[in-house]
Each structure stands twice: as C-alpha cells, then as structure tokens.
Amino acid sequence: MTKFPKDFLWGAASSAYQIEGFSTADGGGKSIWDTFSHTPGKVANGDNGDIACDAYHRWAEDIALMKELGVKAYRFSTSWARVDPNADGSWNMAGAAYYDKIVDACLEAGIEPYMTLYHWELPQAAEDRGGWQAEETAYAFGRFAGFMAAHFRGRVKHYFTLNEPQCTTSLGYQQGVHAPGLKLSLKKQFRVHLHQMMAHGLAQRAIRQADPEAIIGIASTGNLCYPATETPADIAAARQASFATAEDNWIFTHQWLLDPIVLGKFPDCAGTALEPLVKKVTPEQMALIHTVPDILGYNIYNGHEVKAGSQGFEFVPKYPGFPRTALKWPVTPEVLDWGVRFLNERYPLPCYITENGLSCNDRIYLDGQVHDVERIDFLARYLQCLRRAVENGADVRGYFHWALTDNFEWHSGYTERFGIVFIDYPTGRRIPKDSFRWYQTVIRSGCPDF
Ligand code: IFM
C-alpha cells in the first residue's frame, strides 16, 4: 500500500465554544451561543456550553494526549468574546493569556498551532449592534484578527479566518437552528454572507500587516459530488454538479464563498433571485472580498453520487440501508478523492482537510475502554480515498480529524460524539477510544490501512 507523503501534516481539530466552557471567566464576554443555548427549546436536552469539556481548565491534558497521539498540528479556535468582550477593541488580556497557554504548550510539545479566529461564537455585544447583518461586524473582526496576529507573531504561523461561513448563514440566519436563531429574507441572508466574506478580506489584510510571515486561509464547507463510474462523462457530470447552484441551496456551496474570495467574481446566477443582490455589491466591497488566501481549508463529511444524464448530471439515489453515521449522515468516502480533486482544480491553492470525521454511539464498555470500530472503518475508507486524491496530484498538505475530543455539537448538544477521545461528561475524564490508537498508527506509518 502506498503511503501519504512524508511531510503530510496529520492533525486534530476542535473549536472554542464546543470544548472550553467558562466563556465569561476572567473578563470574557458572552457570545451568541451563550445566549442561544440558554434559550429554552433551542438545544437538545437543554444542553449548553457552560462547562463543555472544561478545556478552559483541562487544556494541558488534551495537549498531552495529542503529543501521545503524535499529531503534528492542532487546529483550534479562539473565542472572539474572550479576548474582545465588547467587540470594540477593548482587549481582555486575561482572555488572550488563555490562548498563550495553549499555543506555548503546543509548541513545547512539538505541535504546530493552526489557529481559527472565528468558529461561530460571535460576541453578543456585536450581535446587539446588528451582528453579521451589520457591515461594522466585518470591520470589528478585522481589528480582532490584527490584534491576534500581532500578539501571537512568531508563535502562530497558520491562521484560518472564519470557519464554515456557509453554516453561519444557513443555520444561524436562514433556518434559525443555530445562534442567533434568525430566519431572514434572502436579501438579508445575502447581506450576512457578504459581510462574512468582507470580514475574511479585512482579517487577511490585518493579519498580513501585523505578521507578514503568517500563512492565512479560510475553512469552507458545502455540497460536493463524486462520479458513479470513472467514465469521462460521469466525472464531468460530478464536477458540474459539485459547482451547480440550486437557488434554494446556494449558501451551502463552496463556490458562493470561494469564487468571490479566490477568483474575484460571483458564480453565474443570471435570471435568479440572487442576481439583483449580486449586482448591488459595490466595487469597494468586492475589492475587500477578493483577497486570495495562501491556503484553503475544506471541511468535508459526505457527498452525492452523480452520473451523466440528459440535463448534464443526475443524482444517484441512495439504496435502502445505505451506510450512515449516528447523525444519519451518509458514509461516502469517495468525496475525499473526487471532491477534493474538483476543489483543487477550481481553486489551485495548497489545501488542508480541516475537518472530517463522524459521530458514533460511543460508550464505555465493560472493560473500561471505548471500542469505536465504526469510526476506524470510516476513517480507513476516507483516508484511502484522500490518498488517491494526493496520488492524482491534488495539492493536499494535511488532514485534521474532527474532533480530538467529544464535544458540544451545537443544537444537538452532547447527544453526538465526534471525538477520538471520549469525554465522560459527569467527571470530565478523557478516555482515548480505539480510533485514537488506530490514528496513532496511521500517523506513524503514513498508511491508512485497516
Ligand atoms: O461540530 C461541527 C463543527 O463545529 C463544524 N463542522 C461540522 C462539525 C460536525 O457537525
């Protein structure tokens, strides 16, 4: 079996609100997720992130586990409100000091910090002034990014500005199932999306100014497809379907984020309700948005099988009993081969898989261990496909498993477990799962074989 390249970066990922807990300790501000999770009926079982995995106090255990695992990089996110409680530049240095500890301990352990500056927990103060509906928020985020880059200069080399803006817009402002829980009109959804793209551009400029050596990206997610067969017709159909814009699902696509940012233009939307909105984007806004990143992050969990059809492409229906994760997401490893190749063709920049993984019904067995064979099988299949993408020339530099530990899965609360480390929530105890040991051998050997 062929191996991944020697310098392939193996990593693990997490995000602030999902693991830290204690968001307002030491002068931190409330975020929209503090508000949302404390609103009755919004999160399964009334769960919230008040304690989560208590990484605010137990961070050293997690870094020691990563050292044992052998990962070369840790992708974690910073809570904007911990550092900038009012989102107005009155910095809370005690909040920054928490991330100093994480960064310094990672470096000490030989783990490269990959810092994501925003993973959905907008400071409530910014939301009170209009949140992502207000252009001001984009500028406030740019200022925060500049502060962070100056503060961590020489220690953090890699930044991702925003995580999955697609989910912020669709789940938070279109469907209302994530914070801040709004169901806005298309016009307003588009504004939210536009301001996040501007926030990326402003942040990238501010980081570059504060630290010219920094390597900057954005973590994108969205619809991707893979061909039913390897015939040229099916491959072309899958590529076309990956970047086709369904009017009712434009947000959850890579191209509505990355075309403007990387290519400097919006996808074709002539004759749709989006066209007049795109036409209103000013040249000044476009100039801010078109800020080509150094790297791209792709969060990929599943995709659709597609074949050539009379309309160019056809979706292949999933057969009864199709394999699914605990969250009922389909298991489609081919997406890490074809989806990544299609993305890398369209956006020819070095890229990382910044998230991939699954939730399983994990529990502690009688022997005290967590035997998550489903996760091992899933990862082996997906990583073998990713290896094919690399062999076929896709410029993939690394893979971050989502997630290091089980954590607060947003509106599903603690019902879903994505970690390779089990969290026993009543005690906070960390138990490496069987998949942790398996991933350790993959990292050592470069070979994702079962
Ligand atoms: O847990 C989330 C993460 O915060 C963003 N990407 C998808 C993961 C699984 O749902």
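Just so you know, ligand 1 is whichever comes first in the structure, and atom 1 is the first atom listed for that ligand.
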TODO: Please say whether Asn299 places an N or O atom under 3.5 Å from an N or O atom belonging to ligand 1.
DONE: no
Task: Asn392 side-chain N/O to Arg388 backbone N/O, donor-acceptor pair under 3.5 Å - done: yes
Open item on the list: Quick check: Phe342 with Phe243 (ring centres under 6.0 Å apart)?
Closed with: no
TODO: Give the residue, atom name and distance (to 0.1 Å) of the protein heavy atom nearest atom 10 (O) of ligand 1.
DONE: Glu409 OE2, 2.5 Å
Open item on the list: Tell me the protein heavy atom at minimum distance from atom 6 (N) of ligand 1, and give that distance in Å.
Closed with: Glu355 OE1, 2.5 Å
Open item on the list: Please list, in number order, the atoms of ligand 1 under 4.0 Å from a heavy atom of Phe418.
Closed with: 9 (C), 10 (O)
Task: Centroid-centroid under 6.0 Å between His193 and Trp250 rings - done: yes
TODO: Find the distance between CD1 (Ile251) and CG (Asn223) and round it off to the nearest 0.5 Å.
DONE: 13.0 Å
Open item on the list: I need the contact type for Trp329 against ligand 1. Using non-hydrogen atoms and a strict under-4.0 Å cut-off, is it side chain, backbone, both or neither?
Closed with: side chain
- [ ] For Glu164, take its heavy atoms, then give the atoms of ligand 1 lying under 4.0 Å from any of them.
- [x] 5 (C), 6 (N), 7 (C)
Open item on the list: For Phe408, state whether at least one heavy atom is located under 4.0 Å from any atom of ligand 1.
Closed with: no
Open item on the list: Looking at Asp362 and Arg375, is any side-chain nitrogen of the basic one under 4.0 Å from a carboxylate oxygen of the acidic one?
Closed with: yes
Open item on the list: Ring centres under 6.0 Å, that's the criterion: do Phe8 and Trp10 meet it?
Closed with: yes
Task: Polar proximity ligand 1 side, Trp402 side, N/O cut 3.5 Å exclusive - done: yes
Open item on the list: Between the side chains of Arg58 and Asp62, is the shortest nitrogen-to-carboxylate-oxygen separation below 4.0 Å, so that they form an ion pair?
Closed with: no
Open item on the list: Would Asn407 count as a polar contact of ligand 1, with the cut-off being nitrogen or oxygen pairs under 3.5 Å?
Closed with: no
- [ ] Within a distance under 4.0 Å of any heavy atom of His119, pick out the atoms of ligand 1 and give their elements.
- [x] 3 (C), 4 (O), 5 (C)
Open item on the list: When you measure from the heavy atoms of Glu416 to every atom of ligand 1, does any distance fall below 4.0 Å?
Closed with: no
Task: Aromatic ring proximity, centroids under 6.0 angstrom, His119 and Tyr17 - done: no
